[in-house]
Protein chains: 2
Amino acid sequence: MPVRATPVRQTRNADASRAKIWGAATTEFAAQGFDGAKVDRIAAGAGVNKAMIYYHFKSKAGLFNAILHDTFGAIADAVRGVRAAGGTPEAQVRAYVAAIAHVADDRPFFPPIWLREVAQGGRHLDPAVAGHFREVLTMLGEILREGAAAGTMRPAHPFLVQLGIVGPLTLFMASRPLRKKFSKVHQGLDVSIDAVVEHVQTMVLGGISTQKAARKSR
Amino acid sequence: MPVRATPVRQTRNADASRAKIWGAATTEFAAQGFDGAKVDRIAAGAGVNKAMIYYHFKSKAGLFNAILHDTFGAIADAVRGVRAAGGTPEAQVRAYVAAIAHVADDRPFFPPIWLREVAQGGRHLDPAVAGHFREVLTMLGEILREGAAAGTMRPAHPFLVQLGIVGPLTLFMASRPLRKKFSKVHQGLDVSIDAVVEHVQTMVLGGISTQKAARKSR
DNA sequence: GTCTATAAATAGATAGAC
DNA sequence: GTCTATCTATTTATAGAC
């Protein structure tokens with residue numbers, strides 16, 4: 001009976017170790033960036049030995065890339081869901097904004113990581129992650145083309161629209177520590193994520209709609 | 001006559017050194033971030049001895065902060081100019097967007113640096129820089145309040161509006177290297193800064209205007 | 001003001017025992 | 001799978017000559 005006891009426990013421990021490393025790494029990378037993040041600190045935060053990180057993820061870069069890949073996969077999944085759910089192009093744009101906001105809100109480590117990755121020129125973006133990125137932008141392009149075909153939206157660069165969505169969302173989510181730091185000297189930094197999402201939806205549709213007003217339809 | 005010759009030449013060289021260091025540092029910090037930037041590389045890029053950096057700027061952090069301070073001063077100046085020029089609140093919002101875009105476009109190093117600074121929680125933002133930041137946001141708030149008083153804009157959080165402006169602009173400008181990298185596999189990333197500014201202006205006004213359409217008035 | 005040499009600390013990564 | 005000990009390279013910063 002206990003023949004496989006040891007392997008099983010080892011596997012369980014391995015999974016637990018991976019999970020603990022993952023959690024500590026997301027925090028560290030989000031707060032410090034890739035170069036600022038220290039493997040020693042990740043190990044300490046995870047409560048595991050440093051060598052385990054290299055055992056499970058090969059290298060600091062490997063660990064970082066696994067996190068990026070996972071999150072971009074989730075975003076691509078969510079956007080695919082938006083397309084599958086259908087609806088008017090306007091509704092899909094709203095859903096697109098909400099979906100991306102939701103994935104990011106679920107992964108507070110992602111916005112700061114992504115901002116830095118952009119600033120870094122996508123140095124750590126491997127082909128798999130780039131593929132997800134491309135797929136998402138393509139799906140947004142489809143939504144916009146449907147809107148243009150229906151005459152309710154003017155033709156717009158998907159990338160431009162994406163900037164208008166991801167820019168404010170990411171900057172807002174990533175700025176939480178900064179907002180907290182300045183909230184004592186400057187009022188008006190206390191905005192909810194829901195307010196931001198709604199503002200972005202209104203703003204984005206206001207920027208591409210041919211209709212007079214793009215009021216929200218709850 | 002040549003009594004002061006040496007001091008003068010020294011001063012000139014000092015200014016030249018500072019300028020060369022400044023130029024190399026902006027490039028390095030923009031491309032690598034604070035932690036990723038290496039003092040050796042800045043010295044090499046500037047063509048000066050590494051020790052000069054410490055002589056002129058005290059430390060790596062001191063150099064970084066001097067750059068941040070300078071740029072934020074320029075932004076605050078530009079926005080003060082927008083207020084001074086007056087005009088309708090809508091015109092001022094457009095001018096505000098254009099002014100910030102212009103300062104940033106003049107300093108290509110700034111967008112990536114700022115994105116990382118946000119992601120970092122403003123770790124390097126000293127009180128002087130924070131003051132400029134605060135002043136800019138206050139002036140935007142005044143414009144919005146005037147618009148609300150005139151009835152042409154609905155009340156809006158200045159910070160929310162700021163996110164809608166700076167988010168897309170910064171992300172666009174900072175993503176130049178990334179866009180270049182992906183331009184071969186994905187079309188549609190080739191957008192001009194003017195197109196972005198116009199899109200942001202339309203989008204932002206579309207998000208806060210009470211009027212039916214916030215068409216641009218050239 | 002500028003340069004050489006070097007101190008002093010840190011960090012990514014691995015070998016090898018258990 | 002996990003831990004100890006350590007190697008190697010890198011990096012910020014400074015002392016001191018010119």
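We name chains A, B, ... by the order of the sequence lines, and we start the count at 1 in each one. Since we're looking at a predicted model, the values are computed, not measured.
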For the pair made of [atom1] in [X] and [atom2] in [N], what is the distance, rounded to whole Å?
X	N	atom1	atom2	answer
B:K38	D:dA9	NZ	P	17 Å
B:Q32	D:dT11	CD	C1'	14 Å
B:F64	D:dT12	CZ	P	14 Å
B:I53	C:dC3	CD1	P	11 Å
A:K50	C:dA11	NZ	P	9 Å
A:K60	C:dT10	NZ	P	15 Å
A:H56	C:dT14	NE2	P	16 Å
B:D35	D:dT10	CG	C1'	14 Å

To the side chain of [X], which of [options] is closest?
X	options	result
B:A51	D:dT12, C:dA11, D:dA15	D:dA15
B:N49	D:dC3, C:dT4, D:dT2	C:dT4
B:Y55	C:dA13, C:dT2, D:dG1	C:dT2
B:S59	C:dA13, D:dA13, D:dT11	D:dA13
A:M52	D:dG1, C:dT14, D:dA13	D:dG1
A:S17	D:dA13, C:dA13, D:dT2	D:dT2

Toward the 5' end of DNA chain C, by each residue's nearest nucleotide, A:K58 or A:R41: A:R41
Mutual orientation of the aromatic rings belonging to A:F172 and B:F159 [parallel < 30°, tilted 30-60°, perpendicular > 60°]: tilted
Aromatic ring pairing B:W114/B:F133, orientation class (parallel under 30°, perpendicular over 60°, tilted between): tilted
SB check A:D77 A:R80 (cutoff 4.0 Å): yes
Ionic contact status for B:E117 with B:R123, cut-off 4.0 Å: no
Touch class at under 4.0 angstrom, heavy-atom based, for B:A61 against every strand present: nothing
Touch class at under 4.0 angstrom, heavy-atom based, for A:A43 against every strand present: nothing
B:F29-B:F110 aromatic ring centre distance below 6.0 Å: no
Any B:Y54 side-chain N or O less than 4.0 Å from OP1/OP2 of D:dT14: no
